[in-house]
Amino acid sequence: MEIINDNAAMLTNYEVLTLLSDIQAGRGQKKPDKSLQQLATITYEAVKYLEDKPCKTQTPEIIEQFMTDVQSYNLTKSEKVQLLNQYPSTAVEIQLIVEESEERLTEDQIYELLEVIGKYRPSEAIEEDEEEDENEDMKEGEEEDITEQE
């Protein structure tokens, strides 16, 4: 992957991961030398972070299909990229990503959009979110038990 114009478009997490992985492997661009040790550290940390995100399982075909499926919702490019990067699972998250969502999308459209996003969401990410929700529920239950005991 070669960067032609660095301000031409927003990149998805998948594109960033691919680019940084190529830099680490020395493909496409020069690998950072000793004088650029900090860049190597930043590259390593960014790749390590992104490998734990859903972008690791994405492919160019999945991204293209996702963009086609959300085309009917009249979202901006940046909103589509944010939806792809974050895979929101609730209407509130959609409202935080889509500017003026109350005027631009009906409630039904928001839930349809969540269904579309759900088709592309990796199962690992769904399981992690469910575990986080369970942990939060357990913490809330423990807090209630403490309050009742007092």
Side-chain angles (χ1 to χ4, degrees), residues 1-105 107-140 142:
M1 179 181 284
E2 182 179 343
I3 298 175
I4 297 172
N5 182 351
D6 60 352
N7 291 324
M10 292 183 64
L11 298 175
T12 64
N13 286 351
Y14 168 79
E15 293 167 319
V16 172
L17 177 61
T18 303
L19 177 66
L20 293 177
S21 296
D22 287 349
I23 289 172
Q24 277 186 328
R27 294 185 301 263
Q29 297 193 14
K30 289 173 58 176
K31 194 172 182 178
D33 60 8
K34 296 287 183 195
S35 65
L36 299 174
Q37 193 66 26
Q38 291 176 342
L39 177 59
T41 302
I42 292 169
T43 302
Y44 170 78
E45 291 293 330
V47 168
K48 185 177 171 185
Y49 171 79
L50 289 172
E51 284 180 340
D52 291 336
K53 300 298 172 193
C55 64
K56 183 175 182 176
T57 61
Q58 292 175 341
T59 63
E61 294 79 24
I62 290 173
I63 293 171
E64 186 176 328
Q65 186 62 43
F66 177 86
M67 293 300 183
T68 302
D69 287 354
V70 297
Q71 189 71 32
S72 63
Y73 297 98
N74 297 321
L75 302 170
T76 64
K77 289 179 184 178
S78 63
E79 291 167 344
K80 290 176 190 175
V81 169
Q82 288 180 51
L83 291 173
L84 182 65
N85 286 343
Q86 298 176 10
Y87 287 119
S89 59
T90 65
V92 172
E93 291 173 308
I94 297 279
Q95 290 175 340
L96 292 172
I97 293 171
V98 178
E99 189 172 332
E100 299 177 356
S101 64
E102 296 84 18
E103 289 108 33
R104 294 172 52 202
L105 299 171
E107 189 172 333
D108 291 338
Q109 286 177 315
I110 290 174
Y111 288 108
E112 288 172 14
L113 185 57
L114 285 170
E115 287 179 25
V116 169
I117 293 167
K119 288 190 330 187
Y120 296 96
R121 196 168 191 203
S123 59
E124 295 172 4
I126 292 171
E127 291 170 8
E128 288 175 9
D129 283 351
E130 289 174 356
E131 288 176 13
E132 288 176 10
D133 291 342
E134 289 174 10
N135 290 340
E136 289 176 11
D137 291 343
M138 288 175 57
K139 288 180 183 176
E140 290 175 5
E142 290 172 4

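If you're wondering where the values come from, they're calculated on a predicted model, not measured in any experiment.
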Any idea which heavy atoms bring Gln71 and Lys80 closest together, and the distance?
-> OE1-NZ, 3.1 Å

If you look at every heavy atom in Leu114 and Ser89, which pair is closest and at what distance?
-> CD2-C, 3.7 Å

Any sub-3.5 Å donor-acceptor pair from Arg104's side-chain atoms to Tyr73's backbone N or O?
-> no

Any side-chain heavy atom of Thr59 within less than 4.5 Å of one from Ile63?
-> no

In this structure, CG of Asp69 is separated from CD of Glu115 (nearest 0.5 Å) by 12.0 Å

State whether a side-chain donor-acceptor pair under 3.5 Å links Thr90 with Glu93.
-> yes

With a cut-off of 3.5 Å and sequence neighbours excluded, list every side-chain donor-acceptor pair involving residues 95-103.
none

Enter the distance from Glu45:CD to Leu20:CG here, rounded to the nearest 0.5 Å.
-> 12.0 Å

Nearest heavy-atom approach of Cys55 to Leu17 is SG-CD2, 4.1 Å

Looking at side-chain heavy atoms only, is the closest gap between Leu113 and Leu83 below 4.5 Å?
-> yes

Output all residues satisfying ring pair (Phe, Tyr, Trp, His ring centres under 6.0 Å) with Tyr14, sequence neighbours left out; order by chain, then residue number.
-> none

Contact summary for Leu105 and Ile94, nearest pair of heavy atoms = CD1-CG2, 4.5 Å

Which atom names give the shortest non-hydrogen contact between Phe66 and Tyr120, and what distance separates them?
-> CD1-CD1, 3.5 Å

Evaluation steps, side-chain contact (heavy atoms from CB on, under 4.5 Å), between Asn85 and Lys53 | CA-CA 9 Å; Asn85 286 343; Lys53 300 298 172 193; over 6 Å; no

Does any non-hydrogen side-chain atom of Glu79 lie less than 4.5 Å from one of Val70?
-> no

Near Lys77 NZ, under 6.0 Å, is it more than 12 heavy atoms from other residues, nucleotides or ligands?
-> no

Between Thr12 and Glu15, is any pair of side-chain heavy atoms under 4.5 Å apart?
-> yes

So which heavy atom on Leu50 is nearest to which on Val16, and how close?
-> CD1-CG1, 3.7 Å

Given the rule in the side-chain contact (heavy atoms from CB on, under 4.5 Å) test, do Asn13 and Gln86 qualify, once you have shown the distances and angles that lead to the verdict?
-> CA-CA 9 Å; Asn13 286 351; Gln86 298 176 10; over 6 Å; no

